[in-house]
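In what follows, every chain begins at residue 1, and chains take the letters A, B, ... in the order their sequences are listed.
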There are 2 protein chains.
Amino acid sequence: MARRKVTSYDVARKAGVSRTTVSFVLNNVPGARISEETRRRVLKAARELGYFPNAAARSLVSQKTRTIGLVLCQTPDQVFHDAFLPEVLHGISDVMRPAGYRVLVEPVEDVTRPNAYIDLVLEQRIDGLILSGPRSDDAELPQLKEEGFPVILLGQLPGAGFPSVDVDNVEGARIAVEHLISLGHTRIGIITNAPPQYTGSAHRLEGYRLALAAHGIPFDENLVCYGNFTEGSGYRAMNELLGLANPPTAVFVASDLVAFGVLAAIRDRGLLVPRDIAVVGFDDVRMARYVTPPLTTVRLPAYELGQTAAQILVNWLEKGKEPPKLTLLPTELVIRKSCGAIRPQEFLPISG
Amino acid sequence: MARRKVTSYDVARKAGVSRTTVSFVLNNVPGARISEETRRRVLKAARELGYFPNAAARSLVSQKTRTIGLVLCQTPDQVFHDAFLPEVLHGISDVMRPAGYRVLVEPVEDVTRPNAYIDLVLEQRIDGLILSGPRSDDAELPQLKEEGFPVILLGQLPGAGFPSVDVDNVEGARIAVEHLISLGHTRIGIITNAPPQYTGSAHRLEGYRLALAAHGIPFDENLVCYGNFTEGSGYRAMNELLGLANPPTAVFVASDLVAFGVLAAIRDRGLLVPRDIAVVGFDDVRMARYVTPPLTTVRLPAYELGQTAAQILVNWLEKGKEPPKLTLLPTELVIRKSCGAIRPQEFLPISG
DNA sequence: GGCGTGTGATAACACGTGTTAGTAAAACGA
DNA sequence: TCGTTTTACTAACACGTGTTATCACACGCC
């Protein structure tokens with residue numbers, strides 16, 4: 001079976017030239033003077049022999065692996081991360097492949113453990129790194145910083161000093177709440193996606209405040225509840241809000257998953273969405289359109305996140321282009337039925 | 001910044017031995033006679049210098065990359081594949097990392113295009129391959145077969161001659177239908193997940209027939225409808241069944257996604273699940289538990305699929321152990337409310 | 001004829017490691 | 001004391017490629 005591999009030496013012999021010439025031709029080396037005749041002979045020989053350069057030999061001498069790492073940190077909202085992994089990965093891959101890079105994926109369950117992923121760098125397996133869900137207790141990031149290794153964060157980590165790509169959470173939350181205000185609501189609650197120490201959570205809360213302030217609606221501490229990634233937390237938080245003397249007429253839930261619990265809590269009280277309470281979520285998880293009623297939400301551009309991070313990394317590696325410290329991607333409001341902007345009607349199946 | 005990398009030569013010099021000795025010590029070469037004293041000196045020097053062997057140099061000489069490829073073929077049911085990607089990937093990674101392998105992920109949008117992914121093999125970037133969602137029009141599989149390259153299929157491709165790991169679709173469907181029968185149903189419809197040429201679809205249909213046959217229930221052609229991956233197809237198919245003179249009292253839908261369309265169709269007719277019609281799905285997609293009513297379904301062991309495929313591949317690569325031609329993983333019936341086995345009750349949020 | 005000058009190609013080194021064959025010294029047996 | 005074996009280690013090659021410095025040669029010019 002596995003017959004010996006064809007090397008550039010074989011190509012050289014078949015074409016009747018030296019190995020150097022083969023290398024020059026196949027790599028299109030700029031300064032090299034090669035006659036058209038020789039070039040053709042080399043290309044023909046390479047094609048006929050089915051020559052493919054050995055990646056290991058190549059990276060050994062060039063000191064470049066043409067591979068990047070995608071490290072997935074296990075954060076408390078792992079479900080959320082997992083939901084977007086395929087899209088993010090596709091976005092990264094769609095940029096990396098044309099640029100000639102491969103993607104090594106490394107899920108890391110515990111960043112505090114020694115050698116969680118840094119061996120990829122130290123063994124020189126990768127040229128750059130995209131780190132999804134960075135954590136402040138990551139022991140290896142400082143070391144990478146010191147080495148000057150190219151790292152892009154997917155998500156934010158204040159003070160880490162690495163270029164970040166993230167969603168514009170403030171703006172996303174703002175347009176969601178603006179929408180509720182435009183529908184006539186003035187008493188609007190918020191249930192966050194996570195405890196306030198998470199930057200994403202803090203930013204979405206800030207967007208909420210901005211929208212209220214822009215319309216002169218006073219901020220009411222009582223209308224703020226904190227979720228913690230799960231539907232259960234949404235269920236509980238919504239019950240709190242419903243227990244108020246003067247409950248809100250609309251709720252902005254900063255996470256679709258949490259919003260599912262919210263919907264359940266409202267239903268269990270015998271109330272109807274959006275007739276009694278309007279709900280807007282955040283993320284546009286796939287199932288958002290299948291719950292009852294279909295959830296109005298803010299789309300998180302997962303594919304674009306991957307794409308952008310990859311593009312920035314490629315520019316960094318290939319052109320030495322300094323990456324921007326922070327890139328925020330725009331969101332988009334997806335209006336369905338839970339906000340009350342659309343009259344209830346028949347279910348329209350997605351065709352195809 | 002990026003200071004020169006520490007090589008094994010540096011370690012040798014610091015420890016006052018030859019490079020060969022360093023290699024022997026760090027790799028624990030069996031036959032090598034090294035004194036305890038020397039071994040300690042080498043290990044100390046390596047530690048102090050922060051030595052990590054260069055992966056490229058290592059694979060160049062050893063002809064092994066200690067990397068495997070995970071190729072994701074774009075099949076028509078891409079959404080389905082994407083839904084399970086995180087779990088499959090974790091399963092693979094959890095086996096591969098302890099075994100000392102990395103995972104290179106390559107999404108392929110078009111397997112018929114030349115060099116869709118075979119360059120990974122030809123450039124000798126990987127030692128083995130896990131191919132998810134294999135397709136019969138894949139032009140590169142035969143070439144890999146001929147080369148004797150280690151490939152594991154995730155899913156089945158009859159006649160491909162590669163070892164496969166898949167779910168036991170026949171058995172999964174059988175227990176689902178058995179369950180409906182045990183609840184007293186005798187007029188049970190089926191809506192497949194895909195057209196019959198897909199092996200998964202054919203197998204699930206076969207499990208349906210087996211269950212009926214085991215209980216002497218005649219097979220009725222009219223109760224069979226074919227879905228094609230989407231909710232829309234489920235919506236349409238269910239309407240067909242509901243339009244029958246004598247409609248079924250229960251439906252086995254061989255895909256959760258399709259089942260969501262089925263639930264909608266039933267609801268739009270003003271009927272109730274499970275009171276009027278019982279529904280059982282297949283896959284146990286994450287959102288199955290959030291629809292109304294929560295969907296009884298057959299769990300597809302995604303994590304275990306990845307784990308098993310990875311384990312078989314590792315055994316193949318490391319121990320030369322011949323992989324089994326076909327490994328079928330057991331499924332499990334997850335009973336929720338859509339089948340009617342559980343009395344309707346309050347929503348119980350998942351805590352945590 | 002000697003001398004730059006550009007053209008087309010190559011010899012030789014470097015990359016960092018695993019491994020085979022071999023060696024020097026020590027230990028051992030008679 | 002002199003082979004013989006064992007111990008502890010190393011010189012040298014191989015892996016397959018990119019790249020620098022060099023070379024042979026033809027050509028035109030004074």
Side-chain angles (χ1 to χ4, degrees), chain A residues 2-43 45-46 49-67 100 119 122-125 127, chain B residues 2-43 45-46 49-67 100 119 122-125 127:
Chain A
R3 61 191 181 289
R4 230 192 91 267
K5 276 287 172 185
V6 178
T7 73
S8 69
Y9 182 75
D10 300 326
V11 177
R13 208 172 19 158
K14 173 147 186 167
V17 296
S18 77
R19 218 180 43 66
T20 307
T21 304
V22 171
S23 175
F24 283 170
V25 170
L26 296 183
N27 294 331
N28 272 317
V29 176
R33 311 291 322 150
I34 305 282
S35 71
E36 205 41 55
E37 155 68 12
T38 307
R39 157 169 268 107
R40 275 214 332 278
R41 271 217 319 282
V42 170
L43 289 175
L49 290 175
Y51 170 70
F52 274 76
N54 178 293
R58 197 174 243 213
S59 46
L60 176 58
V61 64
S62 69
Q63 302 286 51
K64 288 184 174 8
T65 62
R66 302 210 73 83
T67 301
D119 44 354
L122 296 176
E123 292 176 350
Q124 301 174 67
R125 265 177 212 274
D127 295 340
Chain B
R3 61 191 182 288
R4 232 193 90 266
K5 276 288 174 183
V6 177
T7 74
S8 69
Y9 182 74
D10 299 326
V11 177
R13 210 172 17 158
K14 173 145 184 166
V17 296
S18 76
R19 220 180 41 67
T20 307
T21 304
V22 171
S23 174
F24 283 170
V25 170
L26 296 182
N27 295 330
N28 271 316
V29 176
R33 313 290 320 147
I34 306 283
S35 73
E36 204 42 53
E37 155 67 12
T38 308
R39 157 169 269 108
R40 274 216 330 279
R41 269 217 318 282
V42 169
L43 290 175
L49 291 175
Y51 169 69
F52 275 77
N54 178 294
R58 197 175 243 211
S59 46
L60 176 57
V61 64
S62 70
Q63 303 286 52
K64 284 179 176 16
T65 62
R66 301 211 73 85
T67 301
D119 45 354
L122 297 177
E123 292 177 349
Q124 302 175 66
R125 263 176 212 277
D127 295 339

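Atom CG in Asp10(A) sits roughly 9 Å away from atom P in dG16(D) (whole-Å rounding). In this structure, Phe52(A) atom CZ and dT17(D) atom C1' are separated by 16 Å, rounded to whole Å. A straight line from CG of Leu60(B) to C1' of dG18(D) spans 13 Å, rounded to a whole angstrom. Rounded to a whole Å, the OH atom of Tyr9(A) is 12 Å from the P atom of dC15(D). Distance Lys64(B) NZ to dT17(C) C1': 15 Å, rounded to the nearest Å. Counting to the nearest Å, the P atom of dA14(C) and the CG atom of Asn54(B) are 17 Å from each other. Counting to the nearest Å, the C1' atom of dC15(C) and the CD atom of Gln63(A) are 6 Å from each other. For the pair Arg125(B) CZ and dG16(D) P, the computed distance is 16 Å after rounding to whole Å.
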| What dot-bracket string describes DNA chain C from 5' to 3', counting Watson-Crick and G-U wobble pairs whose defining distances are under 3.5 Å, with [ ] for crossing pairs and | for pairs to another strand? | ||||||||||||||||||||||||||||||

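Exactly one of Val25(A), Ile34(A), Val42(A) qualifies for a side-chain contact (heavy atoms from CB on, under 4.5 Å) with Val17(A). That residue is Val42(A).
For the residue pair Ser35(B) / Thr38(B), a side-chain donor-acceptor distance below 3.5 Å is found, with atom types taken as modelled. If you check the side chains of Thr21(A) and Ser18(A), you find a donor sitting under 3.5 Å from an acceptor.
Taken from CG in Asn54(B) to CD in Gln124(A), the straight-line distance is 4.5 Å, to the nearest 0.5 Å. Atom CZ of residue Arg19(A) and atom OG of residue Ser8(A) lie 4.5 Å apart, to the nearest 0.5 angstrom. Expressed to the nearest 0.5 Å, how far NZ of Lys5(A) lies from CZ of Phe52(A) amounts to 8.5 Å.
Within the structure, every pair that satisfies the salt bridge (Lys or Arg N to Asp or Glu O under 4.0 Å) test and touches residues 24-37 of chain B, not counting sequence neighbours, is listed here: Glu37(B)-Arg40(B), Glu37(B)-Arg41(B).
Look at Arg58(A) and you won't find any side-chain N or O under 4.0 angstrom from OP1 or OP2 of dG16(D).
The main-chain N or O of Ser59(A) is never found under 3.5 Å from a side-chain atom of Thr65(A) such that the two would form a donor-acceptor pair.
A search for side chain to side chain contact (heavy atoms under 4.5 Å, CB included) contacts involving Asn27(B) returns Ser23(B), Val29(B), Arg58(B), not counting sequence neighbours. With sequence neighbours left out, the side chain to side chain contact (heavy atoms under 4.5 Å, CB included) criterion links Leu49(B) to Val6(B), Asp10(B), Val11(B), Lys14(B).
With contacts defined as side-chain heavy-atom distances shorter than 4.5 Å, the pair Leu26(B)/Tyr51(B) qualifies.
Within 4.0 Å (heavy atoms only), Ser8(B) reaches sugar-phosphate atoms of the nucleic acid but no base atom.
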I'd like a table of atom pairs between the protein and nucleotides 23-27 of chain D - only N or O on both sides, under 3.5 Å - with the distance next to each one.
none

Sub-3.5 Å pairs of nitrogen or oxygen atoms, protein against nucleotides 5-11 of chain C:
{"from": "dA9(C)", "atom 1": "OP1", "to": "Thr38(A)", "atom 2": "OG1", "distance (Å)": "2.5"}
{"from": "dA9(C)", "atom 1": "OP2", "to": "Ser35(A)", "atom 2": "N", "distance (Å)": "2.9"}
{"from": "dA9(C)", "atom 1": "OP2", "to": "Ser35(A)", "atom 2": "OG", "distance (Å)": "3.3"}
{"from": "dA9(C)", "atom 1": "OP2", "to": "Thr38(A)", "atom 2": "OG1", "distance (Å)": "3.1"}
{"from": "dT10(C)", "atom 1": "OP1", "to": "Ser18(A)", "atom 2": "N", "distance (Å)": "3.3"}
{"from": "dT10(C)", "atom 1": "OP2", "to": "Ser18(A)", "atom 2": "N", "distance (Å)": "2.6"}
{"from": "dT10(C)", "atom 1": "OP2", "to": "Ser18(A)", "atom 2": "OG", "distance (Å)": "2.9"}
{"from": "dT10(C)", "atom 1": "OP2", "to": "Thr21(A)", "atom 2": "OG1", "distance (Å)": "2.6"}
{"from": "dT10(C)", "atom 1": "O5'", "to": "Ser18(A)", "atom 2": "OG", "distance (Å)": "3.4"}
{"from": "dA11(C)", "atom 1": "N6", "to": "Thr20(A)", "atom 2": "OG1", "distance (Å)": "2.9"}

